Amino acid sequence: MITYDKFILLQKKYDFDLSPCGVCPGNETGGYFCTPVGMTVIGWAGVDGIHYGQIEGFGEMVFAVSPMNTPGDYVHPLAENFSDFLRLLMACGDGAALEQSHQWKRSGFARFLQENPITEEQKSCFIKINEALSKPSAEDFHEYFCPLTPMEDPFDYMATVRKSFDYRKLTFGPDYEEWAPAEPKVPTAPQWKVCFGGGFFETRGHGRAGKEIFIGKAFDWGGSRWYVPAIYRCSDGIVLDLCVEASAGSIREFMDKWNLTDEYGSNLSEEEMEQASREHPLNVDVRAELTVDGSILKMSLGSGFCWIPKSCLPDGTRTETEAGWIADHYGLDRENGYGFHRFSFPWTDKKPKVIEHMELKLEVSPTALKGMRLTAPKVGDRVKFTHPISGVEHTLTIHSLEPQEISSMRLNDPVYEFPDHYTQMSYTLSPDLPNRRFSVRDCAQSDQPRMRTDIAEQKANEDGSFAGAIGIIGGADGPTAIYISRPARTAGVRTDNGGNDTQNIGWHIACSTVRFEPADSIDWKLEFREKLREDISVTLS
């Protein structure tokens, strides 16, 4: 077995280190508030203060210290000894997989390894280590070391190490209590006050608090149980509270299906995220309209909270305190889940002195539904597909695929250059669908902007190094892309053999994402937008 001390001697003699594996040289004392007493640091991740080391009194065991984690989660054992630590790196490639493994289930860990395969530089590092182990210096050692092999099941190995370790034996320096956030005090519910235009527990609403009028209306909609517990009559209009209920069992089933109790499991693909969003038992994008004594009041503002019962969450996960207060105010069972909505409806004319009749109309926004993919289609292709909701068979005919270029005048920037090539597709549908219900989109993301070559060289000469990034559109959880759209136009008129008009056909345009170089071929995806439940009207009084 190769110990850390002997590894250091080999490292100096044969000139290699573990930097390609995210274990870089640095300060051996750590110095963070959560660095355990007696730790010798053997490497740094180079981000968020994460460091790896061995602790006096714990033998050869290797630990990871993560200062950005939450209290009680700063330190985790990784390996029983340094040899096993190296074998874990050989199996996973980078220390990041080891340091984060405690927060994942096996599926999340496997996905991380799949999406972050071992690089050639890391492979070269492992080869150098084994070559050094097979040729120890006689003056340094009196033994030969066997070459190391990757750990057979790294996830199970680290889980076993953590399970058998007594975390209470760790000790920290005197500044630990000062820097480690104290356990938050349980807040108490504020006074229940509902103002027009404000959300739950907000004070920015207009005017004085409204008068609460008990409704207690329950109804079924789209397979779910819904409630209107109360409305609030305000000087500027009516505030209405609405909630959808889901059993703890249905929420657990949903979370297990999408691996949402595993932090890494939430890293889903775009299609998976959209499907999971559709299936969430409490995620309903509701629009409301309220009729009061014949006057139609349009919704002006909306806000919401979601309550997930503790029985559905991993141990230690904080529940949404405010949502619990709402459930308590309306006497709802906290063992169920709830999606709470608050809507404000301004008066249209004079507010009525007495409300005699109220009718609530609810509808959902159209939902994006993914259809089939078109792999490198060609002009003249006729693609048949079935609408996922109506079941109607449609035919998409591609009439043109033309490379286009955005004018450089529109993308002129003194520092960055932007992608300017895209492909324009024209197509028809039979039977036709309106643009708001159907579209064709590029499967790929746009190229990211890049610094102009002359600017990058100038920066490198000035500073010796340079790194930078800029996004176009999008966020960390979704694709980054520029989409260009154009309205549909009339393509032409179908005629029979005698030249008589038979049917007007709509000509649709789809544009790909933007690239620096023209694409040789593009894969497209069909997307539908449909309302997944019928509108409903509910009599409230």
Side-chain angles (χ1 to χ4, degrees), residues 1-30 35 39-55 58-66 76-102 109-158 160-161 460 464-465 467:
M1 181 180 71
I2 180 70
T3 64
Y4 175 65
D5 292 338
K6 292 178 180 179
F7 179 82
I8 291 297
L9 294 175
L10 282 177
Q11 187 181 55
K12 292 178 179 178
K13 181 175 181 62
Y14 295 104
D15 190 26
F16 63 86
D17 62 37
L18 296 173
S19 296
C21 306
V23 184
C24 306
N27 181 4
E28 293 186 356
T29 60
T35 301
M39 170 172 270
T40 299
V41 178
I42 64 178
W44 294 79
V47 62
D48 292 338
I50 297 168
H51 49 288
Y52 307 93
Q54 296 177 323
I55 305 173
F58 291 89
E60 279 286 304
M61 183 170 283
V62 179
F63 296 80
V65 180
S66 309
H76 289 283
L78 300 179
E80 292 284 357
N81 52 63
F82 187 73
S83 283
D84 283 355
F85 178 67
L86 293 176
R87 295 182 63 207
L88 288 170
L89 289 176
M90 289 181 173
C92 301
D94 196 286
L98 281 55
E99 184 265 332
Q100 299 178 65
S101 62
H102 68 276
F109 182 76
R111 176 176 292 180
F112 182 90
L113 297 185
Q114 182 181 8
E115 296 180 356
N116 299 273
I118 298 175
T119 66
E120 292 300 321
E121 187 179 14
Q122 290 166 346
K123 291 178 183 178
S124 177
C125 176
F126 302 144
I127 291 173
K128 289 180 180 179
I129 291 173
N130 274 333
E131 288 177 346
L133 290 175
S134 65
K135 296 184 292 187
S137 172
E139 62 267 25
D140 292 333
F141 309 113
H142 300 286
E143 58 183 312
Y144 285 87
F145 301 101
C146 296
L148 298 175
T149 57
M151 187 68 69
E152 290 82 3
D153 188 343
F155 182 82
D156 183 68
Y157 174 89
M158 289 186 287
T160 301
V161 170
S465 64

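Bear in mind the structure is a predicted one, so any value in this text is a computation, not a measurement. Residue numbers start at 1 and run along the sequence shown. Side-chain atoms are counted along with the backbone in the values below, which use heavy atoms only and exclude waters and symmetry mates.
For the atom pair CG (L88) and CG (L98), the distance works out to 5.0 Å, reported to the nearest 0.5 Å. Within the model, atoms CD of E99 and CG of L78 stand 8.5 Å from one another, a figure rounded to the nearest 0.5 Å. Note that the OG atom of S83 and the CD atom of E60 stand 8.0 Å from one another [nearest 0.5 Å]. Within the model, atoms CE of M61 and CG of D84 stand 10.0 Å from one another, a figure rounded to the nearest 0.5 Å.
Residues L18 and I129 come closest through the heavy atom pair CD2-CD1, 3.6 Å. Of all heavy-atom pairs spanning G93 and I118, the tightest one is CA-CG1, 3.7 Å. In terms of heavy-atom proximity, V161 sits nearest to A79 at CG1-N, 4.4 Å. Taking all atoms of both residues into account, the shortest heavy-atom contact from T29 to T35 is O-CG2, 4.0 Å. Nearest heavy-atom pair across P154 and F109 is CG-CE2, 4.0 Å. Across M90 and N130, no two heavy atoms sit closer than the pair CE-ND2, 3.9 Å.
The main-chain N or O of E120 is never found under 3.5 Å from a side-chain atom of S124 such that the two would form a donor-acceptor pair. A donor-acceptor contact shorter than 3.5 Å is absent between the side chain of E28 and the backbone of T40. Proximity of a side-chain donor or acceptor of Q122 to a complementary backbone N or O of C21 within less than 3.5 Å is not detected. The backbone N or O of S19 sits less than 3.5 Å from a side-chain atom of D17, completing a donor-acceptor pair. Formation of a donor-acceptor pair under 3.5 Å by the S66 side chain with backbone atoms of I50 is not found in this model.
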Passes side chain to side chain contact (heavy atoms under 4.5 Å, CB included), F126 versus L148? Steps please. CA-CA 9 Å; F126 302 144; L148 298 175; over 6 Å; no
Walk me through it: do L10 and I2 pass the test side chain to side chain contact (heavy atoms under 4.5 Å, CB included)? CA-CA 10 Å; L10 282 177; I2 180 70; 4.1 Å; yes
What's the verdict on side chain to side chain contact (heavy atoms under 4.5 Å, CB included) for M158 and H102, showing C-alpha distance, side-chain angles and the deciding distance? CA-CA 8 Å; M158 289 186 287; H102 68 276; over 6 Å; no
F82 vs Q54, test: side chain to side chain contact (heavy atoms under 4.5 Å, CB included). Steps then yes/no. CA-CA 9 Å; F82 187 73; Q54 296 177 323; 4.0 Å; yes
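Aromatic pair Y4/F85: ring centres not closer than 6.0 Å.
Note on ring orientation: taking the six-membered ring where Trp is involved, the planes of F7 and F16 are perpendicular (angle over 60°, cut-offs 30° and 60°).
Residues P20 and T119 form no side-chain contact, since every pair of their non-hydrogen atoms from C-beta on lies 4.5 Å or further apart. Using a 4.5 Å heavy-atom cutoff, the side chains of Y157 and E152 are not in contact. Looking only at side-chain heavy atoms (C-beta outward), K12 and I8 come within less than 4.5 Å of each other.
Within a 6.0 Å sphere centred on CG of N27, heavy atoms belonging to other residues, nucleotides or ligands number more than 12.
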